[in-house]
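Reading through the structure tokens given below for one structure.
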Amino acid sequence: TEFYGLNFEVNNSVLIPRPETEELVDWIIKENKVKNEINILDIGTGSGCIAIALAKNLKNVSVFALDISNNALDVAKKNAANNEVDIEFIEHDILNLGLEIKDLKFDIIVSNPPYVRKLEKDLMHDNVLKHEPHLALFVDDENALLFYNTIAEFSKKHLSKNGHLYFEINENLGESSKALLENKNFKQVELRKDINQKYRMLKGVRHE
Ligand code: GLN
């Protein structure tokens, strides 16, 4: 498939990159174009589409990409090689992070984590449900922002001063996702809609 003008191979270990996610990548690229020598971390990289598009379009960046799934990382590594970018891949569960990246600081952390509630399953297309990894899609109804909470806490420790955190979000959870970042003291919190007028993207900046 194609994402942000680049070719990606996919299989049933990863989600097919979505156009909404291109909008998130576009936001990050436009906002960070003039910076260089920055570290970027993509959490839950899947096919690698976000990490690879950023590595390809931003100058002098070191890109790290993490995923729980070894099979997804195999796909992402192949995509990075095919697109001729250098990315450091890390196999890990963000919900149970060990010491591996304890001392690393990032200027940008980005994630498109699982955010579909099981109650929303009925609204999904059969091709998604049958062929895409549920591990990458679903969260429990009563803890829908689990990944956002964990990644925001992680980001408080691992973002450099004025570092940016970007998320793709569940369209039905725009306000609560925004409130989560504000409550954790992120600044310049901004919610954006996608081309279909659905809340889809969120940003916060770490000031302290
Ligand atoms: N937007 C995807 C879908 O509708 C879900 C992506 C995700 O859970 N991060 O299938």
Side-chain angles (χ1 to χ4, degrees), residues 1-4 6 8-28 40-54 64-69 71-73 75-76 79 89-95 97 108-155 164-178 180-181 191-204:
T1 190
E2 200 189 294
F3 180 87
Y4 215 79
L6 303 167
F8 285 85
E9 283 185 25
V10 295
N11 63 21
N12 59 7
S13 297
V14 301
L15 297 185
I16 300 171
R18 310 277 203 267
E20 302 89 284
T21 310
E22 290 183 308
E23 292 189 62
L24 177 69
V25 165
D26 201 53
W27 185 8
I28 300 173
I40 300 177
L41 173 65
D42 174 23
I43 298 173
T45 198
S47 65
C49 63
I50 296 177
I52 292 166
L54 294 177
F64 299 75
L66 177 148
D67 208 284
I68 187 176
S69 159
N71 291 338
L73 287 172
V75 177
N79 284 324
F89 290 101
I90 307 164
E91 184 184 341
H92 228 296
D93 176 4
I94 188 67
L95 301 179
L97 208 56
I108 297 173
I109 294 176
V110 54
S111 184
N112 173 17
Y115 61 65
V116 181
R117 289 171 294 179
K118 290 176 181 136
L119 64 88
E120 290 159 336
K121 222 176 193 166
D122 291 347
L123 305 170
M124 294 175 77
H125 295 291
D126 239 23
N127 58 340
V128 173
L129 290 174
K130 282 200 184 127
H131 303 292
E132 296 198 292
H134 289 200
L135 179 67
L137 290 170
F138 291 108
V139 284
D140 287 335
D141 296 347
E142 52 291 335
N143 204 0
L145 297 180
L146 171 67
F147 286 95
Y148 296 83
N149 194 45
T150 305
I151 293 168
E153 284 301 325
F154 173 88
S155 299
H164 289 34
L165 171 61
Y166 296 91
F167 280 124
E168 181 171 317
I169 60 163
N170 182 319
E171 67 203 57
N172 301 310
L173 299 172
E175 293 300 340
S176 50
S177 305
K178 182 172 182 236
L180 183 143
L181 286 194
L191 194 56
R192 283 199 186 175
K193 289 181 173 164
D194 64 20
I195 197 168
N196 299 312
Q197 294 308 310
K198 299 189 167 165
Y199 285 126
R200 189 66 65 199
M201 293 158 271
L202 179 67
K203 180 191 109 179

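Only this structure's heavy atoms are used, side chains among them; waters, hydrogens and symmetry mates stay out. Whatever order the structure lists ligands and atoms in, that order sets their numbers, starting from 1.
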### Message
Asn112 versus ligand 1: do any nitrogen or oxygen atoms come within less than 3.5 Å of each other?
### Response
yes

#### Entry: Single hit among Asn12, Asn11, Asn71, Leu15 for side chain to side chain contact (heavy atoms under 4.5 Å, CB included) with Pro133
Leu15

### Message
Assess, by modelled atom type and distance only, whether the side chains of Asn170 and Glu120 contain a donor and an acceptor separated by less than 3.5 Å.
### Response
yes

### Message
Need the ligand 1 atom indices (1-based, order shown) with element for anything under 4.0 Å from a heavy-atom of Pro113.
### Response
7 (C), 8 (O), 9 (N)

### Query
What residue and atom, counting heavy atoms only, is the protein's closest point to atom 1 (N) of ligand 1, and at what distance?
Tyr115 OH, 2.9 Å

### Message
Please classify the Arg18 to ligand 1 contact at 4.0 Å (heavy-atom distances, strictly less than): side chain, backbone, both or neither.
### Response
side chain

### Query
Is the CG atom of Leu123 crowded by more than 12 outside heavy atoms at less than 6.0 Å?
yes

#### Entry: All pairs passing ring pair (Phe, Tyr, Trp, His ring centres under 6.0 Å) where residues 111-132 contributes a residue, at least two apart
none

### Salt-bridge contact Lys198-Asp194 (side-chain N to carboxylate O under 4.0 Å)
no

### Query
For Gly44, is the nearest heavy atom under 4.0 Å from an atom of ligand 1?
no

